[in-house]
Amino acid sequence: YQAKVKSKKQVVFFDDIAEAASYRLRLESELPLAIETNQLVLCYQPQVDTITYQMVGVEGLVRWNHPELGMISPNDFIPLAEEAGMIIRLGEWVLREGFLQAKRWEDKGIELKVGLNVSMQQFHHPTFVLTLVRLVKETQVNPRQIDLEITEVSAVEDIEETVETMHRLKQLGFTISIDDFGTGYSSLSRLVDFPIDTLKIPREFVQKINIEASGYSMISSIIHLAQSLNLAVIAEGVETLEQVNVLNQLACERMQGYYFGRPMPPHEIEPLLYRDLT
Ligand code: C2E
Ligand code: MG
Ligand code: MG
Ligand code: MG
């Protein structure tokens, strides 16, 4: 068992279970204050239309800028927040921050769709839709600028409730994406019931794109499925030109990944607008 902390360029490995556990405990106990004192930051990663090679959207990705431990990855604290019942507060912080940024861009005449991750617990929370309504009022964001990314697991839990919540989100003007599509357990027959807009192809498949019968056929299947259901697709974790080319051959017209840009602060996003990001 190894827990990994990345603080700036330094990587620390815990070889000791007790040490890893005490690290988790520290993060868990310090997270509420971190939310209150704005230690969280939302970075944005470009999403590119590969017909024009221009940025058409961004995905907001949260980080914890810890005063002593440096930048902490969401993989290290989102699961903790979920276990400790803090994901609702954390999730609300992310939504507010993302809405405010989308509004700032809108006010500058910048048309960028902002994708925001919604955790399973958050999506199924009884006040989720009301929170969104309240945050839209508070921030004055146009919900049409916001794409809510839901993981497949959250979508299968309770089908009826999920479909109803999704319809309410759509009525408010949000679009909906299924994140990491194909890694969860949702059945294809259910997919038609979901009023969703986009399937996100996971990095795991993109990384295996050159292994026949592995990534390639999975991606090809997802793209065909999306076409027949009239959904958009976006490939995640695109790192190489080779991957871009294969994805283009498969008619995947939107991509996101280090090849086009890493998650970055909003002021670094703006100079990339209207540029060719090849
Ligand atoms: P995700 O939503 O699937 O986000 C994509 C992850 O892949 C991000 O990791 C992103 O930085 C990373 N990525 C993007 N392009 C590349 C690439 O070309 N190569 C590689 N190796 N990685 C790439 P990140 O930011 O560490 O986030 C990890 C996960 O944490 C996210 O996966 C999401 O599930 C969760 N997360 C992040 N922010 C939030 C949030 O605000 N709320 C919730 N509930 N979960 C979040
Ligand atoms: Mg996501
Ligand atoms: Mg994903
Ligand atoms: Mg994910």
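- Although no hydrogens or angles enter the test, the distance criterion places a donor-acceptor pair under 3.5 Å between the side chain of Thr52 and the main chain of Gln54.
- Residue Arg63 places its CZ atom among more than 12 non-hydrogen atoms of other residues, nucleotides or ligands, all under 6.0 Å distant.
- Contact annotation: the side chain of Val114 approaches that of Tyr44 to within less than 4.5 Å [non-hydrogen atoms, C-beta and beyond].
- The number of heavy-atom neighbours closer than 6.0 Å to CD of Glu138, taken from other residues, nucleotides and ligands shown, is above 12.
- Checked by atom type, the side-chain pair Glu82/Gln121 shows no donor-acceptor distance below 3.5 Å.
- At least one cation-pi condition fails for Arg26 and Tyr23: the charged atom is not both under 6.0 angstrom from the six-membered ring centre and inside a 45 degree cone around its axis.
- In this structure, CD on Glu149 lies 3.5 Å from NZ on Lys200, to the nearest 0.5 angstrom.
- Applying the side-chain hydrogen bond (donor to acceptor under 3.5 Å, both in side chains) rule to Thr127 yields the partners His125; only residues at least two apart in sequence or on another chain are considered.
- A side chain to side chain donor-acceptor pair (under 3.5 Å) check over residues 269-278, counting only residues at least two apart or in different chains, returns the pairs Trp105-Glu270, Lys108-Glu270, Asp276-Thr278.
- Glu239 and Arg203 are not joined by a salt bridge, as no carboxylate oxygen comes within less than 4.0 angstrom of a charged side-chain nitrogen.
- Between the side chains of Asp76 and Trp64, not a single donor N or O lies within less than 3.5 Å of an accepting N or O.
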For the pair Glu28 and Arg24, evaluate salt bridge (charged side-chain N to carboxylate O under 4.0 Å, His left out) and give the outcome as yes or no after the intermediate values.
CA-CA 6 Å; Glu28 194 181 307; Arg24 286 166 53 90; 5.7 Å; no
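- By the neighbour-count criterion of 12 heavy atoms within 6.0 Å, atom CD of Glu83 is densely surrounded, having more than that number from other residues, nucleotides or ligands.
- No hydrogens or angles considered: nothing links the side chains of Thr151 and Asp180 as a donor-acceptor pair under 3.5 Å.
- By the criterion of side-chain heavy atoms lying less than 4.5 angstrom apart, applied directly or through intervening Ile, Leu, Val, Met, Phe, Trp or Tyr residues, Ile222 is grouped together with Leu229 in one hydrophobic cluster.
- Side-chain atoms of Thr175 and Lys113 include a donor-acceptor pair closer than 3.5 Å.
- In this structure, Arg144 places its CZ atom where only 12 or fewer heavy-atom neighbours from other residues, nucleotides or ligands lie under 6.0 Å away.
- In the displayed structure, Asn230 atom CG is contacted under 6.0 Å by at most 12 heavy atoms of other residues, nucleotides or ligands.
- Judged purely by distance below 3.5 Å, without hydrogens or angles, the side chains of Gln45 and Glu59 never pair a donor atom with an acceptor atom.
- Side-chain contact, Gln171 with Arg168: no donor N or O sits under 3.5 Å from an acceptor N or O.
- Between the side chains of His66 and Gln39, no donor-acceptor pair is found at a separation under 3.5 Å.
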